[in-house]
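Working notes, structure below.
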Amino acid sequence: MSTAMPPAHPFDDDKLREECGVFGVVGVTDASNFVALGLHALQHRGQEAGGIVTHDAETGFNQQRRMGLVRDNFTSASMMERLPGTIGIGHVRYSTAGSKGQTAMRDVQPFFGEFSMGGAAIAHNGNITNAMSLRRELIERGSIFQSSSDSECIIHLMARSMGRNIPDRMEEALRKVEGAFSIVAMTRTKLIGCRDPLGVRPLVLGKIGDGWALASETCAFDIIGAEFVREIAPGEMVVVTENGVASHFPFRPNRARFCIFEHVYFSRPDSILGGRSVYETRENIGRELAKENPVDADLVCPVPDSGTPAAIGYSLQSGIPYAMGIIRNQYMGRTFIEPTESIRNMGVRLKLNVNRALIKGKRVILVDDSVVRGTTSRKIKDMILDAGAAEVHFRIASPPTAWPCFYGVDTPKREKLLAATMSEDEMRDHLGVDSLKFISLDGLYRAVGEAKGRDKNAPAYCDACFSGEYPVAPSDMIEQGFEAKTAAE
């Protein structure tokens with residue numbers, strides 16, 4: 001069984017990293033098998049590590065945590081026999097907070113704690129923006145932390161609560177937390193789901209036979225044959241048992257600010273967000289991109305795989321033929337041999353290859369989901385030109401990423417973001433392409449269903465990575481010297 005973290009691939013170096021994925025079930029036989037399948041469907045949200053906790057009347061709470069992919073760790077009969085029970089939760093991780101590498105096993109979720117009224121486990125997707133100050137306060141009051149993860153703060157806050165039961169203690173703990181969180185937790189008999197008041201990160205409810213499921217995305221329900229019931233509302237907490245779902249709203253009402261980048265890149269295209277197909281939304285983004293930024297060309301080609309729906313939309317709107325000008329090696333994966341330095345220098349060519357016969361002599365539009373540091377975009381451009389393309393035009397299915405995210409997405413420091421230091425024309429020259437255009441923020445809002453574009457006074461989404469307007473102040477980062485955008489900007 002693999003316990004090593006899969007090596008990062010050079011192609012992944014220029015992408016925003018997905019946050020984490022959470023999944024839980026109650027009222028099903030062999031809950032751990034359903035959790036493993038759900039986590040497999042959510043693997044795109046985190047590939048560093050995963051964990052599962054279950055409860056069984058005879059053995060009590062059972063937990064297994066491993067570095068690496070779900071398929072390498074949670075598929076054998078011997079492993080799943082260690083996780084009996086009819087209730088369970090799981091987590092796949094990319095470390096947006098906490099340590100990285102082989103020393104990070106202590107940070108792998110779900111976290112488990114024993115309280116006076118019994119045990120509870122918790123899995124968290126998002127980022128607590130006041131975790132450092134909470135941690136200092138808790139340590140001063142005697143708490144002993146076992147991990148470097150921000151999520152452990154919730155367990156300690158629950159332990160210090162005087163609530164009558166686990167849901168009450170979780171409510172009290174989460175009222176002290178700032179930032180973004182979608183949480184799946186469990187006791188011996190209860191599955192608990194909760195979203196922060198702004199609903200930045202996704203969480204959905206499903207029905208499977210006589211049981212229930214919670215997940216980061218609806219695609220996790222498809223793999224287990226569950227029926228999507230609804231989204232957990234921003235600021236809502238649900239307590240689910242075999243008998244049904246109890247819902248309440250423990251937080252002060254607030255205007256929702258769901259992460260708009262979930263529509264652009266993070267979520268799987270076969271998921272449903274806000275009642276909308278992610279695939280169709282990305283196709284709409286491509287259409288808006290073509291309306292805003294037309295160019296004479298011969299082919300529209302996606303940068304696989306995330307640029308594909310937007311490229312199809314661009315082609316349909318522009319009338320320029322769609323073509324697979326770049327072919328992705330489906331067997332490359334993240335478990336490829338540890339490359340030597342000479343192999344590393346091949347960079348993106350390990351994963352992508354140009355369809356030379358198609359590209360030669362053509363004016364090519366490349367559609368990608370984002371430009372972060374620009375390193376991969378330059379390599380792809382070089383590959384296209386080496387294959388004989390006459391022109392290369394980049395069309396980007398998101399606005400320029402000019403600000404870091406502090407709500408559960410691993411982004412570089414602001415000075416490392418290309419759009420933070422260069423104008424669009426300067427980025428075009430830096431990448432060495434014939435043209436470079438991004439969809440506007442208004443165009444992106446139209447693509448996700450806001451007909452008039454972005455309401456400057458009341459944006460419907462969290463778009464801080466594009467606008468610099470943070471709906472929750474990133475307290476810890478400001479304390480460390482981060483300068484947030486001022487009203488004048």
Report summary line: d(Asn130 CG, Arg136 CZ) to nearest 0.5 Å is 10.0 Å
**Report entry** ring pair (Phe, Tyr, Trp, His ring centres under 6.0 Å) pairs, two or more places apart, involving residues 140-169
**Finding:** Phe145-His156
Query raised in the report: Which heavy atom in Val25 sits nearest to a heavy atom in Ala213, and how many Å separate them?
Result: CG1-CB, 3.8 Å
Requested in this report: Identify whether the distance between the nearest side-chain nitrogen and carboxylate oxygen of Lys456 and Glu469 falls below 4.0 Å.
Outcome: no
Requested in this report: Give a yes or no on this: more than 12 heavy atoms of other residues, nucleotides or ligands lie within 6.0 Å of atom CD of Glu483.
Outcome: no
Query raised in the report: Do Val184 and Leu191 have side chains that get closer than 4.5 Å, going by heavy atoms?
Result: yes
Could you go through residues 442-452 and list every donor-acceptor pair under 3.5 Å that involves a side-chain atom there, pairing it with any protein atom two or more places apart or in another chain?
{"from": "Asp442", "atom 1": "OD1", "to": "Arg454", "atom 2": "N", "distance (Å)": "3.0"}
{"from": "Tyr445", "atom 1": "OH", "to": "Tyr461", "atom 2": "N", "distance (Å)": "3.4"}
{"from": "Tyr445", "atom 1": "OH", "to": "Tyr461", "atom 2": "O", "distance (Å)": "3.4"}
{"from": "Tyr445", "atom 1": "OH", "to": "Asp463", "atom 2": "OD2", "distance (Å)": "2.7"}
{"from": "Arg446", "atom 1": "NE", "to": "Glu288", "atom 2": "OE1", "distance (Å)": "3.3"}
{"from": "Arg446", "atom 1": "NH2", "to": "Glu292", "atom 2": "OE2", "distance (Å)": "3.0"}

Query raised in the report: Given Ser398 and Phe261, is the side-chain contact (heavy atoms from CB on, under 4.5 Å) satisfied, shown in steps?
Result: CA-CA 8 Å; Ser398 64; Phe261 214 90; 4.3 Å; yes
Identify every side-chain donor-acceptor pair in residues 233-245 under 3.5 Å, counting partners at least two apart or on other chains, and give the distances.
{"from": "Glu236", "atom 1": "OE1", "to": "Arg230", "atom 2": "NH1", "distance (Å)": "3.0"}
{"from": "Glu236", "atom 1": "OE1", "to": "Ala233", "atom 2": "N", "distance (Å)": "2.7"}
{"from": "Glu236", "atom 1": "OE2", "to": "Arg230", "atom 2": "NH1", "distance (Å)": "3.4"}
{"from": "Glu236", "atom 1": "OE2", "to": "Arg230", "atom 2": "NH2", "distance (Å)": "2.8"}
{"from": "Glu236", "atom 1": "OE2", "to": "Ser247", "atom 2": "OG", "distance (Å)": "2.4"}
{"from": "Thr241", "atom 1": "OG1", "to": "Asn243", "atom 2": "N", "distance (Å)": "3.1"}

Requested in this report: Check the pair Val372 / Leu417 against side-chain contact (heavy atoms from CB on, under 4.5 Å), numbers first and verdict last.
Outcome: CA-CA 6 Å; Val372 181; Leu417 296 169; 3.6 Å; yes
Report task. State whether Arg45 and Glu217 are salt-bridged, where the test is any N-O pair (Lys NZ or Arg NE/NH1/NH2 against Asp/Glu carboxylate O) under 4.0 Å. Result -> yes
Query raised in the report: What distance do Leu157 atom CG and Glu152 atom CD have between them, rounded to the nearest 0.5 Å?
Result: 10.5 Å
Requested in this report: State whether the side chain of Asp107 and the backbone N or O of Ser149 hold a donor-acceptor pair below 3.5 Å, judged by distance alone.
Outcome: yes
Query - Arg195 side chain vs Arg201 backbone, donor-acceptor pair below 3.5 Å - result: yes
Report summary line: The ring-ring contact (aromatic ring centres under 6.0 Å, His included) partners of Phe438 (sequence neighbours excluded) come to none
Requested in this report: List the steps and the verdict of side-chain contact (heavy atoms from CB on, under 4.5 Å) for Ser147 and Phe111.
Outcome: CA-CA 10 Å; Ser147 78; Phe111 290 135; 3.7 Å; yes
Requested in this report: Starting from the C-alpha separation in whole Å, work towards a yes-or-no answer on side-chain contact (heavy atoms from CB on, under 4.5 Å) for Asn62 and Arg82.
Outcome: CA-CA 7 Å; Asn62 311 279; Arg82 302 176 206 167; over 6 Å; no
Report task. Measure the shortest side-chain to side-chain distance between Ile208 and Val28 over non-hydrogen atoms and say whether it is less than 4.5 angstrom. Result -> yes
Query raised in the report: Which value, rounded to the nearest 0.5 Å, describes the distance between Leu174 atom CG and Ile154 atom CD1?
Result: 5.5 Å
Query raised in the report: Phe61 and Ala120: which non-hydrogen atoms are nearest, and at how many Å?
Result: CZ-N, 4.2 Å
Query raised in the report: Is a donor on one side and an acceptor on the other found under 3.5 Å between the side chain of Asn125 and the backbone of Cys20?
Result: yes
**Report entry** Minimum heavy-atom distance between His263 and Phe258, given as atom pair plus value
**Finding:** NE2-CE2, 4.0 Å
Query raised in the report: Quick one: side chain to side chain donor-acceptor pair (under 3.5 Å) partners of Thr218, sequence neighbours excluded?
Result: none
Requested in this report: Apply salt bridge (charged side-chain N to carboxylate O under 4.0 Å, His left out) to Glu280 and list each qualifying residue two or more places apart in sequence or on a separate chain.
Outcome: none
Requested in this report: Please identify each residue that fulfils side chain to side chain donor-acceptor pair (under 3.5 Å) with Asp270, with sequence neighbours left out.
Outcome: Arg268
Query - Contact summary for Met80 and Ala36, nearest pair of heavy atoms - result: CE-CB, 3.9 Å
Query raised in the report: Okay, side chain of Asp476, backbone of Met132: is any donor-acceptor separation there less than 3.5 Å?
Result: yes
Query raised in the report: Does the side chain of Glu178 come within less than 4.5 Å of Ile128's, by heavy atoms?
Result: no
Query - pair Met67-Val108: side-chain heavy atoms closer than 4.5 Å - result: yes
Query raised in the report: Under a 4.5 Å cut-off applied to non-hydrogen side-chain atoms, are Pro459 and Arg255 in contact?
Result: yes
Query raised in the report: Has the side chain of Asp30 got a donor or acceptor atom that lies under 3.5 Å from a matching backbone atom of Asn33?
Result: no
Requested in this report: Name all residues meeting the ring-ring contact (aromatic ring centres under 6.0 Å, His included) criterion together with Phe406; count only those two or more places apart in sequence or in a different chain, and write none if there are none.
Outcome: Tyr470, Phe482
Report task. Return the set of residues passing ring-ring contact (aromatic ring centres under 6.0 Å, His included) with Tyr279 (not counting sequence neighbours), or none when no residue passes. Result -> none
Query - Phe74 CZ to Arg65 CZ distance, which is reported to the nearest 0.5 Å - result: 10.0 Å
Report task. Any chance you could measure Phe181, atom CZ, to Leu198, atom CG, to the nearest 0.5 Å? Result -> 9.0 Å
Query raised in the report: Cut-off 3.5 Å, side chains only: do Asp305 and Thr308 have a donor facing an acceptor?
Result: no
Report task. Dump the intermediate steps for ring-ring contact (aromatic ring centres under 6.0 Å, His included) on Phe23 and Phe34, then the final yes or no. Result -> CA-CA 9 Å; Phe23 188 87; Phe34 288 94; 8.5 Å; no
Requested in this report: Search all heavy atoms of Thr129 against all heavy atoms of Val472 and return the closest pair with its distance.
Outcome: OG1-CG1, 4.0 Å
**Report entry** Backbone of Pro202 reached by a side-chain donor or acceptor of Ser216 within 3.5 Å
**Finding:** no
Query - Ion pair check, Glu172 and Arg160, cut-off under 4.0 Å - result: no
Report summary line: So ring pair (Phe, Tyr, Trp, His ring centres under 6.0 Å) across residues 194-252, not counting sequence neighbours, yields none
Query raised in the report: OG/Ser151 to NE2/His91 distance, rounded to the nearest 0.5 angstrom?
Result: 6.0 Å
Query - Polar side-chain atom of Arg414 near backbone of Ala402 as donor-acceptor pair, under 3.5 Å - result: yes
Query - Contacts of Gln146 that satisfy side chain to side chain donor-acceptor pair (under 3.5 Å) - sequence neighbours left out - result: none
Query raised in the report: Does Thr281 have any side chain to side chain donor-acceptor pair (under 3.5 Å) partners at least two apart in sequence or in another chain, and if so, which?
Result: Arg276
Query raised in the report: Would His55 and Gln63 count as having a side-chain donor-acceptor pair, cut-off 3.5 Å?
Result: no
Query raised in the report: With no hydrogens and no angle check, is any side-chain donor or acceptor of Asp72 less than 3.5 Å from a backbone partner on Gly68?
Result: no
Query - Lys/Arg N to Asp/Glu carboxylate O, Glu227 vs Lys207, below 4.0 Å - result: no
Report summary line: Minimal heavy-atom distance between Leu203 and Ser182, with the atoms involved, is CB-OG, 3.9 Å
